[in-house]
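So that the names make sense, note that chain A is the first sequence line, chain B the second, and so on, each numbered from 1. Only heavy atoms go into these numbers, but all of them, side chains included; no hydrogens, no water, no symmetry mates. Since we're looking at a predicted model, the values are computed, not measured.
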Number of protein chains: 2
Amino acid sequence: MSDKKTFSISELAKEFDVTTRSIRFYEDEGLLHPTRNGQTRIFSSKDRVRLKLTLRGKRMGFSLAETRELFSLWDETATGSEKQLLMALEVVERRRAQLEQQKHDIAMMEIELDNHEARCREALAELRQAS
Amino acid sequence: MSDKKTFSISELAKEFDVTTRSIRFYEDEGLLHPTRNGQTRIFSSKDRVRLKLTLRGKRMGFSLAETRELFSLWDETATGSEKQLLMALEVVERRRAQLEQQKHDIAMMEIELDNHEARCREALAELRQAS
DNA sequence: TCCGCACTTTACGTTAACGTCAACTTCAAT
DNA sequence: ATTGAAGTTGACGTTAACGTAAAGTGCGGA
């Protein structure tokens, strides 16, 4: 089902619950590169993966520009010069640092949610006792 | 040092590396509630905590409106009715689900970074062998 | 043949989250 | 007394990430 070779714009829109407008916008921004049959877009499974990665990036708070940067690094890996490859490794390291920061942020947030939930339950218990 | 009672706008700006403009904007948006000495803002340590939470939220991809929602829930916990408290618990659950999603996204991203780094190193090795 | 649906481009509108002046006031220091 | 640093309030500008409306193309079915 998902190893199909090509996809229409509305198929992808439904699968990932985004508007066709967004998908066209992502193409304009250079994140997707569909081919054309006449004027209608034909998306490859590579495009489908990239759309998935783009949306994942959004959930993680990445801008489209940041995601595009990742994509271009990815693409240059095969053809790049030594200097480019070393720069790519640096970018990878920076991403890892970001992820560590995010994991820390999530852990902190979880602690706060725990505290908050406990206080909610206490307040509820007191309310019910007072009735 | 950080258990001081009050802070000026520029102290907070420096500590968290944001502009004073942003801090004033957060006040306008109802995220911070400094008192005034004449017209000069005085931030409490509670404001300082909220600023920290606001910035953490940003790193996690939350909008200011979402963060404000969390704050108001937090505030209502002490005084809220039973219905409000139950709704607050639901919001907490939704947040937890979001965090689970983000943890999954991060794990996926880490796998991709691993793969990408490996391919970079392979490409580098081949380049150096060919020289 | 005409209808309707999916798709297209073009272009202007919108919201969030600030940035950037401009034109002050206040206060401490020279 | 003046100057400079830090603070203030408007008000308009900007960027990202789309929304939305207008006007047209292409195509399979009744």
Side chain to side chain, Leu12(A) and Glu15(A), heavy atoms closer than 4.5 Å = yes
Are any non-hydrogen side-chain atoms of Leu70(B) and Leu53(B) less than 4.5 angstrom apart?
-> no
Rounded to whole Å, how long is the line connecting atom [atom1] of [X] with atom [atom2] of [N]?
X	N	atom1	atom2	result
Phe25(A)	dG19(D)	CZ	P	10 Å
Leu51(A)	dC18(D)	CG	P	11 Å
Phe62(A)	dA16(D)	CZ	C1'	17 Å
Glu66(B)	dA17(C)	CD	C1'	14 Å
Ile23(B)	dG19(C)	CD1	P	11 Å

Flag the pair Glu93(B) and Arg96(B) as a salt bridge only when some basic side-chain nitrogen lies within less than 4.0 angstrom of an acidic carboxylate oxygen.
-> yes
Considering non-hydrogen atoms only, spot the tightest contact between Ile23(B) and Ile9(B) and give its length.
-> CD1-O, 3.6 Å
Do you know which two heavy atoms are closest between Gln102(B) and Arg59(A), and how far apart they sit?
-> NE2-O, 3.5 Å
From dC18(D), dT8(C), dG7(D), pick the nucleotide closest to the side chain of Ile9(A)?
-> dT8(C)
From the options dC7(C), dG19(D), dA17(D), select the nucleotide whose nearest atom is closest to the side chain of Thr19(A).
-> dG19(D)
Go along nucleotides 21-29 of chain D 5' to 3' and tag each nucleotide: B for a protein heavy atom under 4.0 Å from its base, S when only backbone or sugar atoms are that close, - otherwise.
-> ---------
Distance under 6.0 Å and angle within 45° of the ring axis: does Arg95(A) meet both against Phe62(A)?
-> yes
Comparing Glu11(A) with Ala65(B), nearest DNA chain C nucleotide closer to 5' gives the residue Glu11(A)
Anything under 3.5 Å between a protein N or O and an N or O of nucleotides 27-29 of chain C, put it in a table, one pair a line.
none

Kindly check if the number of other-residue, nucleotide or ligand heavy atoms within 6.0 Å of CG (Asp28(B)) is above 12?
-> yes
To which residues is Met87(A) joined in a hydrophobic cluster, defined by side-chain heavy-atom contacts under 4.5 Å among Ile, Leu, Val, Met, Phe, Trp and Tyr, whether direct or through other members?
-> none
